[in-house]
Each structure stands twice: as C-alpha cells, then as structure tokens.
There are 2 protein chains.
Amino acid sequence: MSTETGEPPATRRNTLSREKVVAAAVAMADASDGKVPSTRKLAESLGVQAMALYHHFRNKDALLDGMVDFVFAEVELPAADADWKPAMRRRAASMREALVRHPWAIAIMDSRANPGIATLRHHDAVIGCLRAGGFTIAGAAHSFALLDSYVYGFVIQELALPLGSPEEIQQSAESVLALAPAEEFPHLTEMAVGHAMKPGYDYGDEFWTGLDLILDGLEQRRDTWR
Amino acid sequence: MSTETGEPPATRRNTLSREKVVAAAVAMADASDGKVPSTRKLAESLGVQAMALYHHFRNKDALLDGMVDFVFAEVELPAADADWKPAMRRRAASMREALVRHPWAIAIMDSRANPGIATLRHHDAVIGCLRAGGFTIAGAAHSFALLDSYVYGFVIQELALPLGSPEEIQQSAESVLALAPAEEFPHLTEMAVGHAMKPGYDYGDEFWTGLDLILDGLEQRRDTWR
DNA sequence: GGTTCTACCTTTACACTGTACAGTAAAACC
DNA sequence: GGTTTTACTGTACAGTGTAAAGGTAGAACC
C-alpha cells in the first residue's frame with residue numbers, strides 16, 4: 001500500500017508484461033496465417049519457458065481475450081461530433097480491415113464474453129456517434145447490432161473463400177462445380193459461371209453494396225425508432 | 001466395377017459409415033455445449049477405436065466438413081416459386097435457429113472451404129428463389145452475400161452473450177460496468193442501464209429489426225441492379 | 001550491509017490431443 | 001479355396017494446456 005501497485009517494476013532486465021506477451025502472440029498468429037501459437041512456441045519467441053506466461057495470464061483464454069482487445073484497439077474510432085453516416089461507414093471498413101489483417105480474431109471472438117478496455121472504448125464511441133446523430137437509445141442499439149452483425153458475418157465469408165492466385169481460385173471453383181453437376185444445381189452454376197468466375201469479379205466489393213444498403217435503411221428509420 | 005460401390009457392405013455387424021459418425025459427432029457436440037468431441041471420445045461413443053474413424057475421413061477436418069454440412073441439411077429450403085421476401089425471411093430464421101441449436105458450427109465454418117452437398121443444395125435454392133423473384137444474377141449475389149453475412153454475424157454476437165439465468169446475466173453486466181466507469185464510457189452505460197438491462201429486453205429480438213430493414217432495402221433496389 | 005520477502009521464472013509432470021504406421025480378421029471376389 | 005480388399009485394432013509419437021513445486025534475483029526493510 002506504500003507505493004503504487006499494478007505497475008511493473010521495470011528495473012529487472014527483460015521482464016515480461018501482459019502487453020508484450022499479447023503483442024508477440026498477435027505477431028506470431030499473423031505470421032503463421034491464422035493459427036494462434038501454442039504456449040510453448042509463444043514462450044520460446046519471448047526467450048522464456050512456457051509456464052512463465054501463467055504469471056501474467058490466468059490461462060490461455062485470458063491471453064485470447066487480450067488478443068481480441070488488441071485487434072479492437074486498431075479499429076478507427078468514430079468521432080462523437082462526426083456526421084454519423086460517413087463515420088459509421090469508415091468505422092465498418094476499418095473494423096473489416098482489422099479482422100482481415102488478423103484472420104484468427106473472428107474465430108476467437110465468438111467464445112469471448114470478457115471485453116477488454118479497447119473493446120469497451122470502441123463500443124462507447126460507436127454508440128456515442130449514433131446518439132449524437134439523432135438516434136434514440138433503442139435506435140442506436142438496433143443500428144449497432146445490425147452493423148456489427150454485417151461486418152462480422154461478411155468477414156467470416158470473406159475469410160472462408162479460397163485464397164491464393166487466380167489460377168488456384170479457378171481450380172477450386174472447378175472442383176466444387178465438378179462435385180455439383182449443373183443439372184442438379186442450375187442456379188449455383190449460373191452464378192458461378194456467369195458472374196463470380198468472370199474476370200474482374202471480387203467478392204470483397206460486395207462489402208460496399210451491403211453496407212450502403214444498411215446505412216440507407218438506418219437513415220430512413222432513424223426518426224421512427226422510439 | 002461389377003457392383004455398385006460407395007454403399008456400405010452392411011453385412012458386417014455394427015459397421016460404421018460417414019453418416020453415422022457425423023451424426024454421433026453432432027450429437028456429442030450439442031450435448032457438451034459447443035465443444036467438438038475428440039477422436040477418442042467420439043470413437044468410444046461408437047464402440048470403436050479412435051483410428052477406425054480414419055477409414056471414413058481423411059482427417060479430422062473432413063469430419064468437421066461433414067458436421068457443417070449436417071447443419072446445413074437442417075435449414076429449411078426456400079421454394080423456387082415462393083414469394084421471395086417471406087421466403088428469404090423464413091430461410092434466414094431457419095438458418096439462425098440451426099446455428100444456435102448447434103453453437104459449435106459457426107466457429108468451425110470460417111475455416112471450411114469444402115462445401116458439402118446439403119450446403120450446395122441450400123445455396124442453389126436460395127439463389128433460385130431470388131432469381132425467380134426478379135433479381136438479376138448480380139442482384140441475387142448482392143442479396144445472398146448480405147443476408148448470409150447478417151445471419152452469421154448476428155449468431156456470432158448472440159452466442160457470445162453471457163447465457164444463463166437473468167441473475168447471471170445481471171451479474172455479468174455489472175462486472176463489465178465495474179470495469180467500465182460511467183464517466184469514461186457514458187454512452188455504453190446509458191445503453192446498458194437505460195435499455196439492455198431493462199426487464200423484457202431480449203437481444204434476440206434485434207434479429208427481426210435488422211432482417212426486415214435488409215429485406216426492405218433489397219426490395220427497393222431489386223430493379224436497379226443490372 | 002545483511003536479512004527477509006516476493007515477484008518472476010524454471011523444472012517436472014500429467015492427461016489429453018490428432019494421427020502415422022503396422023498388424024489382423026473377416027468379407028468379397030475369382 | 002486361395003487371394004485380395006475392407007474395416008478395424010494396437011502401439012507409438014510429437015504436441016497441447018496447465019497444475020504443483022522449486023529456485024533465484026532483485027526490492028524492501030532494518
């Protein structure tokens with residue numbers, strides 16, 4: 001009680017910290033393309049034994065909580081006095097970018113019920129921007145749920161797509177179509193051949209179509225939500 | 001080549017099959033509330049050694065593919081001649097129900113690039129219904145991407161919520177608010193206290209608000225998409 | 001400056017995971 | 001009836017998260 005606690009001593013050489021561990025875990029997960037590192041691999045990259053991590057995290061789930069919060073910290077916050085519609089558009093785009101940049105994050109999020117500070121700050125800013133934009137509490141809740149659902153769901157689908165060179169994509173599309181005879185799945189075939197496999201098509205572009213539809217809908221309903 | 005292959009022999013007592021294994025895995029995952037069973041536990045429940053599974057699946061990922069397809073098989077298909085708007089509404093609701101009934105499915109889906117037959121059949125029916133409803137190919141692609149993103153994303157958020165009795169929910173909300181002082185997160189506090197924690201509030205109801213907004217938006221744009 | 005304390009890290013161990021590899025018994029086929 | 005195939009068992013191994021206990025260097029106190 002004599003001095004401030006909670007601060008790391010910072011005198012000992014090479015001391016670990018929650019932040020350093022999370023940052024290293026994020027870096028490794030990004031590098032290994034979507035797989036969260038094991039405790040041993042992570043510890044090794046920090047020059048430490050595996051069990052050392054457990055002095056900073058109750059268990060691995062706590063580490064994952066920290067990693068999710070790290071991602072939220074990268075998302076651009078909407079200013080409270082900004083025009084709500086472009087602000088929400090930018091924020092959704094920024095959220096999508098962060099989730100695509102860290103493809104492991106979405107898979108981890110659905111089991112995490114302990115939001116971190118960056119997550120709370122992010123939610124607060126979004127709600128604040130909507131409230132300042134004229135939405136009622138209920139309206140802001142509707143909007144937030146809808147926008148976030150869309151972004152999360154879009155990223156899930158985007159990440160599930162076969163990634164790689166155009167040839168690889170072409171090949172994977174063909175292998176699916178081979179399993180799916182055109183007679184049995186006529187509409188799927190039509191869309192694949194006549195639309196999605198056309199040169200220049202990019203599923204990522206669908207993001208803006210859906211987002212703008214949602215934003216227009218929110219604008220239309222803003223003043224009807226009590 | 002002399003007889004039909006692909007059929008199980010069915011003469012040997014207690015013979016396994018892809019379908020039986022998948023059904024058992026789904027049942028166990030549902031029972032253990034969200035955790036996919038290990039190969040050993042699954043094998044034990046089938047009265048067999050763990051390695052026996054590998055005669056029916058190349059590896060565990062193939063099993064997961066099968067489980068996802070099992071879930072898709074439970075989703076109500078839209079009839080091709082149905083009115084597209086109520087049909088899409090019912091299909092989205094049915095999809096959500098299936099994903100909530102099998103909470104492990106969403107977490108598994110994002111890494112699965114090998115759709116099964118039920119999945120393809122489902123996609124084909126949805127696209128077919130939209131096309132019959134007057135959407136262009138591009139319009140159907142927009143609609144499909146948007147609706148699916150919404151359903152997936154909504155379910156992710158729904159499942160991440162603390163589940164349990166009202167008291168447990170109340171307690172978990174309070175623990176979050178304790179971490180988040182009202183001065184620092186005013187809008188979050190306002191929404192939690194003045195909206196989400198009010199008796200009778202159910203996050204699940206937000207599903208319909210967002211879904212109807214999207215469906216109305218699709219209707220408005222249907223004839224503008226080329 | 002010496003003692004005590006304690007925050008941080010190591011060591012060892014255990015139960016559990018997916019799966020490679022080799023073996024075996026029964027069924028299917030000629 | 002002998003050969004081949006199919007469906008399964010047994011054993012083994014590298015890797016996982018983490019409990020328990022032990023060690024040690026620096027901080028705190030006198």
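Convention: sequence-line order gives letters A, B, ...; per-chain numbering from 1.
In this entry the distance linking CZ of Arg18(B) with P of dT6(D) reads 15 Å, nearest Å. As a whole-Å value, the separation of Glu44(B) CD from dT9(D) P is 12 Å.
The aromatic ring centroids of Phe154(B) and Tyr152(A) lie 6.0 Å or more from each other. Aromatic ring centres of His123(A) and Phe185(B) lie farther apart than the 6.0 Å criterion allows.
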Below 3.5 Å, can you tabulate the donor-acceptor pairs from side chains in residues 194-202 of chain B to any protein atom, sequence neighbours excluded?
from      : atom 1 : to        : atom 2 : distance (Å)
Lys198(B) : NZ     : Gly194(B) : O      : 3.1
Tyr201(B) : OH     : Glu206(B) : OE2    : 3.2
Asp202(B) : OD1    : Gly204(B) : N      : 2.9

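Rounded to 10°, the helix from dG1(C)-dC30(D) to dC30(C)-dG1(D) has 10° between the axis fitted to its first five pairs and the one fitted to its last five.
Between the side chains of Glu167(A) and Gln171(A), not a single donor N or O lies within less than 3.5 Å of an accepting N or O.
Only one option out of Arg18(A), Lys60(A), Arg112(A) pairs with Asp65(A) in a salt bridge (Lys or Arg N to Asp or Glu O under 4.0 Å); it is Arg112(A). The side-chain contact (heavy atoms from CB on, under 4.5 Å) test with Val21(A) singles out one residue from Val48(A), Val26(A), Leu46(A), and that residue is Leu46(A).
Rounded to the nearest 0.5 angstrom, Glu74(A) CD and Met95(A) CE are separated by 10.5 Å. Once rounded to the nearest 0.5 Å, the distance linking CE of Met51(A) with CZ of Arg40(A) reads 9.5 Å.
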_I need a per-nucleotide contact map over nucleotides 10-17 of chain D, read 5' to 3'. Cutoff is protein heavy atoms under 4.0 Å; write B for the base, S for backbone only, - otherwise._
B-B---BB
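Dashed line: the shortest gap from a side-chain N or O of His56(A) to OP1 or OP2 of dA7(C) is not under 4.0 Å. Applying the 4.0 Å criterion to OP1 and OP2 of dT9(D), one finds that His55(B) has every side-chain N and O outside that range. For dC8(D), the OP1/OP2 oxygens have a side-chain nitrogen or oxygen of Thr15(B) closer than 4.0 Å.
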